[in-house]
Amino acid sequence: QVQLVESGGGLVQAGGSLRLSCAASGSISSDTLMCWYRQAPGKQREFVARISSGLGRYYADSVKGRFTISRDNAKNTVYLQMNNLKPEDTAVYYCKEENRGYWGRGTQVTVSS
């Protein structure tokens with residue numbers, strides 16, 4: 001079983017940046033589809049970004065041009081670089097290994113106006 005641990009969240013002002021990390025306890029191949037989701041208070045969890053060697057990168061419209069997903073296969077880590085953050089980006093951010101449905105526990109991102 002793969003365990004996923006997110007980190008890098010925090011409090012930032014609007015317009016600022018954060019880089020989230022998702023470290024996997026086991027090896028994940030470049031073919032493995034890895035995703036970031038987020039859940040704001042009172043809202044459903046929503047897709048943010050995905051990456052795999054076969055499918056490439058894909059983003060939700062709400063973050064396109066501001067967020068970048070990447071991975072370091074040697075470190076079994078997936079990243080989410082978030083720039084030009086907005087208050088509406090405030091949420092708990094989760095990573096997910098889509099092939100087997102493993103979730104991390106999430107990291108809180110709070111953007112103040």
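Below, all heavy atoms of this structure are taken into account, side chains as well, without hydrogens, waters or symmetry copies.
Residues forming a side-chain contact (heavy atoms from CB on, under 4.5 Å) with Ser7 (at least two apart in sequence, or on another chain): Ser21. Among residues two or more places apart in sequence or in another chain, the side chain to side chain donor-acceptor pair (under 3.5 Å) test is passed with Thr107 by none. Considering only residues two or more places apart in sequence or on other chains, Ser29 meets the side chain to side chain donor-acceptor pair (under 3.5 Å) condition with Thr32. The salt bridge (Lys or Arg N to Asp or Glu O under 4.0 Å) check on Asp61 picks up Lys64, with sequence neighbours excluded.
Under the disulfide bond (SG atoms under 2.5 Å apart) criterion, no residue pair touches residues 26-69, with sequence neighbours excluded. A salt bridge (charged side-chain N to carboxylate O under 4.0 Å, His left out) check over residues 67-79, counting only residues at least two apart or in different chains, returns nothing. Residue pairs meeting the disulfide bond (SG atoms under 2.5 Å apart) criterion with at least one member in residues 63-94, sequence neighbours excluded, do not occur. Within the structure, salt bridge (charged side-chain N to carboxylate O under 4.0 Å, His left out) pairs that include any residue of residues 27-42 comprise Arg38-Glu46, Arg38-Asp89 (at least two apart or interchain). Within the structure, every pair that satisfies the salt bridge (charged side-chain N to carboxylate O under 4.0 Å, His left out) test and touches residues 94-112, not counting sequence neighbours, is listed here: Lys96-Glu98, Glu97-Arg100. Among residues at least two apart or in separate chains, there is no salt bridge (charged side-chain N to carboxylate O under 4.0 Å, His left out) pair with a member in residues 3-25. A disulfide bond (SG atoms under 2.5 Å apart) check over residues 72-113, counting only residues at least two apart or in different chains, returns the pairs Cys22-Cys95. Each ring-ring contact (aromatic ring centres under 6.0 Å, His included) pair with one or both residues in residues 77-113, not counting sequence neighbours, appears once here: Tyr37-Trp103.
Distance OG/Ser62 to CD/Glu88: 9.0 Å, rounded to 0.5 Å. One distance of note links CD of Gln13 with OG of Ser113; it measures 9.5 Å at 0.5 Å rounding.
Formation of a donor-acceptor pair under 3.5 Å by the Asn76 side chain with backbone atoms of Ala24 is not found in this model. With hydrogens and angles ignored, the 3.5 Å screen pairs a side-chain donor or acceptor of Arg66 with a backbone N or O of Asn84. Judged purely by atom type and a 3.5 angstrom limit, Ser53 uses its side chain to pair as donor or acceptor with the backbone of Ser30.
Across all their heavy atoms, Thr90 and Val111 have their closest contact at OG1-N, 2.9 Å. Heavy-atom minimum distance, Ala40 versus Ala91: N-CB, 3.8 Å. Gly9 approaches Val109 most closely through the heavy-atom pair CA-CG2, 4.1 Å.
A single hydrophobic cluster is seen to contain both Val2 and Ile69, as judged by linkage of ILVMFWY side chains at heavy-atom distances under 4.5 Å, directly or through other members. Following chains of ILVMFWY side-chain contacts shorter than 4.5 Å, one can reach Tyr59 starting from Leu18, so the two form part of one hydrophobic cluster.
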Before giving the answer on side chain to side chain contact (heavy atoms under 4.5 Å, CB included), spell out for Trp36 and Val78 the whole-Å C-alpha distance, their side-chain angles and the decisive distance to 0.1 Å. CA-CA 9 Å; Trp36 284 98; Val78 178; 3.6 Å; yes
Going through the distances and angles, do Thr110 and Val12 end up as a side chain to side chain contact (heavy atoms under 4.5 Å, CB included)? CA-CA 6 Å; Thr110 303; Val12 64; over 6 Å; no
Yes or no on side chain to side chain contact (heavy atoms under 4.5 Å, CB included) for Gln81 and Ser17, after CA distance, side-chain angles and deciding distance? CA-CA 7 Å; Gln81 177 67 44; Ser17 299; 4.0 Å; yes
Start with the C-alpha distance between Phe67 and Leu80, add both sets of side-chain angles, then the distance that settles side chain to side chain contact (heavy atoms under 4.5 Å, CB included), and finish with yes or no. CA-CA 7 Å; Phe67 291 11; Leu80 186 68; 4.1 Å; yes
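Other residues, nucleotides and ligands contribute at most 12 non-hydrogen atoms within 6.0 Å of the CD atom of Gln3.
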